[in-house]
Amino acid sequence: MGVGASSVVAPEGYGRGWGQTSLGDMPESCVAAVLLYLDPAEICQVACLNRAFRGAASADCIWAAKLPANYRYLAALAAAADDDDCGCDDAAEGSDGRCCSSAAIKKEIYERLCRPTPFDGGTKEFWIEKNKGGFCMSISSKAMSITGREDRRYWSHLSTEESRFHSVAYLQQIWWLEVGGEIDFCFPAGSYSLFFRLHLGRPHRRMGRRGHGSENIHGWDIKPTRFQLSTSDDQHTASESYLINPGRWILYHVGDFIISSSDEVTELKFSMMQIDCTHTKGGLCVDSVCIYPKDQGYEEDCIFCQKIL
């Protein structure tokens with residue numbers, strides 16, 4: 001069935017002889033069975049064909065199949081975040097707060113979860129991909145443990161619109177680099193990739209044009225930086241890479257992990273370090289850690305680091 005078939009659809013009861021049928025005559029249950037095989041964006045497109053498709057495209061059975069298995073857990077977090085924003089005492093009040101109520105239809109829940117949900121004081125965000133429904137998360141450098149962070153001789157905090165969190169940690173110079181973090185979360189079942197989002201050079205804008213300061217970039221081409229991740233169910237991976245390409249945001253691929261159960265809390269730990277004290281290193285922006293469905297496309301350049309056995 002192609003979209004071009006919509007041209008044969010006539011207004012109900014008009015211009016059709018005896019025994020003639022059109023797409024508009026299809027029962028919504030049959031249409032729904034077809035829509036189950038489409039991606040969310042495609043479902044929204046075919047909803048414009050006629051009344052039957054429009055009705056089926058809003059059916060709970062369609063959107064329940066597109067939602068993560070633990071969508072109730074995610075929707076409750078989203079409702080709590082909305083409640084904090086509006087100052088309501090009841091998360092079910094207001095249009096956004098409906099996303100975890102029993103009255104909410106699954107399409108509304110899907111739409112809400114596509115918008116970023118901040119949590120842990122706004123230092124973390126999660127959302128689902130609009131087109132595929134995959135679960136994503138971003139963890140700010142503010143939520144990480146950074147050696148020497150409070151010493152202004154080494155680190156400073158820069159405000160920038162190039163970060164989801166509007167702030168990055170900027171390393172001026174240090175001998176011992178160690179950045180780490182952890183999170184306990186009920187991830188939807190699936191395979192995920194974890195990245196550090198880094199930038200060599202101090203980003204800035206002049207006359208509306210993006211640039212970067214390169215005067216403090218040094219030490220990253222002498223020894224590689226080591227990345228690690230581990231989970232509470234004994235998954236471990238380590239990799240290393242030289243930090244490259246000043247002036248560009250790079251996603252350094254730390255490794256992959258698998259979530260088997262959507263109902264169990266997984267403790268995830270991650271780190272990056274360059275602890276060779278024979279030389280200093282500096283001029284690095286640490287923005288965030290990103291978690292995406294495995295084998296998906298990414299906005300920034302991606303570096304797949306060399307794995308360490």
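All residue numbers in this chain count up from 1 along the given sequence. Computed from a predicted model, the values in this text were never measured in an experiment.
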Please determine whether residues Val286 and Trp175 belong to a single hydrophobic cluster, defined as Ile, Leu, Val, Met, Phe, Trp and Tyr linked transitively by side-chain heavy-atom distances below 4.5 Å. no

Side chains of Leu243 and Lys281 in contact at under 4.5 Å (non-hydrogen atoms): no

Hydrophobic cluster membership, with links at side-chain heavy-atom distances under 4.5 Å among I/L/V/M/F/W/Y: are Trp220 and Ile244 in one? yes

With clusters defined by side-chain heavy atoms of hydrophobic residues (ILVMFWY) lying less than 4.5 Å apart, directly or transitively, does Phe165 cluster with Met137? no

Quick one: pull up CG in Leu229 and CG in Leu194 and give me the separation to the nearest 0.5 Å. 5.5 Å

Would you please say whether a donor-acceptor pair under 3.5 Å links the side chains of Arg112 and Thr117? yes

Identify the heavy atoms of Pro293 and Glu129 that sit nearest to each other, and give their distance. CG-OE1, 3.7 Å

Please tell me if the side chains of His253 and Ser193 come closer than 4.5 Å, counting only heavy atoms from C-beta onward. yes

Do His236 and Gln228 have side-chain heavy atoms sitting under 4.5 Å apart? no

Shortest non-hydrogen contact between Pro224 and Tyr242, atoms and distance: N-CE2, 3.5 Å

Might you work through the side-chain contact (heavy atoms from CB on, under 4.5 Å) test for Thr280 and Ile174, ending with a clear yes or no? CA-CA 5 Å; Thr280 62; Ile174 205 166; over 6 Å; no

Measure the shortest side-chain to side-chain distance between Cys290 and Ser288 over non-hydrogen atoms and say whether it is less than 4.5 angstrom. yes

Passing candidate, side-chain contact (heavy atoms from CB on, under 4.5 Å) with Ile291, options Phe126, Phe270, Phe257: Phe257

Distance, nearest 0.5 Å, that separates CZ of Phe196 from OG of Ser241: 13.0 Å

Under the side-chain contact (heavy atoms from CB on, under 4.5 Å) criterion, do Lys223 and His279 qualify, and how do the steps go? CA-CA 9 Å; Lys223 290 289 182 67; His279 64 282; 4.1 Å; yes

Heavy atoms only: give me the nearest Lys130-Cys114 pair and the separation to one decimal. CA-SG, 3.7 Å

side-chain contact (heavy atoms from CB on, under 4.5 Å) evaluation trace for Ile183 with Phe119: CA-CA 12 Å; Ile183 184 172; Phe119 63 105; 3.9 Å; yes

Under 3.5 Å, is there a donor on one side chain and an acceptor on the other for Asp276 and Gln274? no

Does any part of the side chain of Tyr71, heavy atoms only, come nearer than 4.5 Å to the side chain of Phe135, both counted from C-beta? no

Can you measure from OG (Ser262) to CZ (Arg72) and round to the nearest 0.5 angstrom? 12.0 Å

Ignoring hydrogens, what is the shortest heavy-atom contact between Gly133 and Pro68? Give both atom names and the distance. O-CG, 4.4 Å

Let me see the working for Lys66 and Tyr110 under side-chain contact (heavy atoms from CB on, under 4.5 Å), right down to the final yes or no. CA-CA 8 Å; Lys66 308 303 178 184; Tyr110 190 94; 3.9 Å; yes

Please check if Ile146 and Ile139 belong to a single hydrophobic cluster, counting links between Ile, Leu, Val, Met, Phe, Trp and Tyr side chain heavy atoms closer than 4.5 Å. yes

Heavy-atom pair with the smallest gap, counting every atom of Arg197 and Ser163: NH1-CA, 4.2 Å

Treat each ILVMFWY residue as a node, draw an edge where side-chain heavy atoms are under 4.5 Å apart, and state whether Val265 and Ile258 are in one component. no

Does one side chain, of Glu125 or Trp127, offer a donor that lies under 3.5 Å from an acceptor on the other? no

Return yes if a side-chain donor-acceptor contact under 3.5 Å exists between Thr231 and Asp233, otherwise no. yes

Measuring only between side-chain heavy atoms, which start at C-beta, is Ile259 closer than 4.5 Å to Tyr192? yes

Using ring centroids (six-membered ring only for Trp), state whether Phe195 and Phe227 fall under 6.0 Å. no

State, yes or no, whether a side-chain contact exists between Ser167 and Lys142 at a heavy-atom distance under 4.5 Å. yes

Which atom of Gln173 lies closest to which atom of Tyr154, heavy atoms considered: O-CD2, 3.0 Å

Heavy-atom side-chain contact between Thr225 and Tyr252 under 4.5 Å: no

